[in-house]
**Q** 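Below is a structure I'd like to ask you about.
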Amino acid sequence: MPKPRRVATEAEAAAMASGIRLRIIRLTFSEALTNKELAERLNRDPATTLHHVRRLVDTGFLEALPTRRGTRGAKEIPYRSTGLSWHLDSQDRGIDQAVFEAYLAEIADTGFDDVHQTRLVVQVPDEQILELESRLNELFEEFLARPVDTKANRTAIYLSRYPSK
């Protein structure tokens with residue numbers, strides 16, 4: 001049974017209203033990464049990335065793992081996503097815009113050769129839209145609950161529902 005979603009707090013909603021923070025959450029889903037590793041993958045300045053990492057730690061989206069020594073002996077802190085973002089419900093338009101911004105940035109990084117897209121228009125009565133969304137979320141929850149195969153390629157899914165005029 002899927003874990004029920006709860007309404008995001010103001011601080012959580014503000015933390016998620018950033019495309020770069022959403023990308024950090026995604027990057028650390030199954031692999032703990034240091035701030036330096038995140039900055040490299042995102043092609044960002046480490047100081048800027050650290051600001052976002054700290055905000056995500058403070059709001060519970062990332063957890064700091066035990067300190068480790070880097071290749072040159074420097075102390076490094078790896079961070080991993082807590083999965084909190086998947087269990088929050090927010091009607092904040094800023095978050096919706098950040099999700100779309102993160103999606104576009106990830107597609108730009110990936111390139112269209114590796115993007116598999118489909119588009120579908122269905123006519124669903126208003127009273128059945130929530131059922132459609134619920135069933136899609138159940139499918140996502142089912143795959144999310146499966147054990148992580150660290151050798152498998154990560155797959156990102158972007159799903160959008162909107163009126164077709």
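Residue numbers start at 1 and run along the sequence shown. Both backbone and side-chain heavy atoms feed into the values below; hydrogens, waters and symmetry mates do not. Fair warning: this is a prediction, and the values are worked out from it, not measured in the lab.
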**Q** Who else is in the cluster with Leu139 when I, L, V, M, F, W and Y are joined by side-chain contacts under 4.5 Å?
**A**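 Hydrophobic cluster check, Leu139: joined to Phe143.
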
**Q** Would you mind reporting whether Glu101 and Leu22 have side-chain heavy atoms less than 4.5 Å apart?
**A**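 A side-chain contact is absent here, since even the closest heavy-atom pair is not under 4.5 Å.
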
**Q** Taking atom CG of Leu144 and atom CH2 of Trp86, what is their separation to the nearest 0.5 Å?
**A**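 Here the rounded value is 7.0 Å.
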
**Q** Below 4.5 Å, heavy atoms only, C-beta onward: do Arg6 and Leu84 meet side chain to side chain?
**A**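 In contact.
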
**Q** Say you draw a straight line from CE of Met16 to OG1 of Thr9; how long is it, rounded to the nearest 0.5 Å?
**A**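 Reported value, rounded in 0.5 Å steps: 8.5 Å.
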
**Q** Show the atom names and distances, to 0.1 Å, of all donor-acceptor pairs under 3.5 Å that link a side chain in residues 104-118 to residues at least two apart or in another chain.
**A**
unit_1 : atom_1 : unit_2 : atom_2 : d
Glu106 : OE1    : Arg26  : NE     : 3.4
Glu106 : OE2    : Arg26  : NE     : 2.5
Asp109 : OD2    : Arg23  : NH2    : 2.4
Thr110 : OG1    : Glu106 : O      : 2.8

**Q** Above 12 or not: heavy atoms from other molecules or residues under 6.0 Å from CZ of Phe140?
**A**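 Above 12, so yes.
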
**Q** Within the side chain of Ser134, is there an N or O that forms a donor-acceptor pair under 3.5 Å with the backbone of Leu130?
**A**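 No, the answer is negative, given that no donor and acceptor are paired below the 3.5 Å cut-off.
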
**Q** Mind checking whether Leu42 and Leu27 have side chains closer than 4.5 Å, heavy atoms only?
**A**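 In contact.
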
**Q** Could you give all pairs that pass the side chain to side chain donor-acceptor pair (under 3.5 Å) test and reach residues 152-162, with sequence neighbours left out?
**A**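 Residue pairs passing side chain to side chain donor-acceptor pair (under 3.5 Å), neighbours aside: Glu133-Arg161.
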
**Q** Check Pro46 against Asn35 and note the closest heavy-atom contact, atom names and distance.
**A**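 Here Pro46 and Asn35 meet closest at O-ND2, 2.9 Å.
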
**Q** Are Leu136 and Ile157 grouped together when hydrophobic residues (ILVMFWY) are joined by side-chain heavy atoms under 4.5 angstrom apart?
**A**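 Cluster IDs for Leu136 and Ile157 match.
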
**Q** Do Ile77 and Leu33 belong together in a cluster built from hydrophobic side chains that touch within less than 4.5 Å?
**A**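 Ile77 and Leu33: one cluster.
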
**Q** Nearest 0.5 Å please: distance from the OH atom of Tyr79 over to the CG atom of Leu50.
**A**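 The OH atom of Tyr79 sits 6.0 Å away from the CG atom of Leu50.
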
**Q** Counting heavy atoms not belonging to Glu10, are there more than 12 under 6.0 Å from its CD?
**A**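 Result for CD/Glu10: open.
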
**Q** Quick check: closest heavy atoms across Ser81 and Ile25, and the distance to 0.1 Å?
**A**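 Scanning both residues, the minimum pair turns out to be CB-O, 3.5 Å.
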
**Q** Under 4.0 Å between a side-chain nitrogen and a carboxylate oxygen: does that hold for Glu131 and Arg135?
**A**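 Yes.
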
**Q** Side chain to side chain donor-acceptor pair (under 3.5 Å): which pairs involve residues 45-66, sequence neighbours left out?
**A**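 For residues 45-66: Arg21-His52.
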
**Q** Are Leu120 and Ile129 linked, directly or through other ILVMFWY residues, by side chains that come within less than 4.5 angstrom of each other?
**A**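 Looking at the clustering, Ile129 is in the same group as Leu120.
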
**Q** Under the side chain to side chain contact (heavy atoms under 4.5 Å, CB included) rule, collect the residues that match up with Lys75, sequence neighbours excluded.
**A**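 Counting only residues at least two positions away or on another chain, Lys75 forms a side chain to side chain contact (heavy atoms under 4.5 Å, CB included) with Thr67, Arg69.
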
**Q** Linking I/L/V/M/F/W/Y whenever their side-chain heavy atoms sit closer than 4.5 Å, directly or via other members, would Leu88 and Val99 fall into one cluster?
**A**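 Same cluster.
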
**Q** I'd like to check the salt bridge (charged side-chain N to carboxylate O under 4.0 Å, His left out) partners of Arg146; sequence neighbours left out, ordered by chain and number.
**A**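 Applying salt bridge (charged side-chain N to carboxylate O under 4.0 Å, His left out) to Arg146 gives Glu142.
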
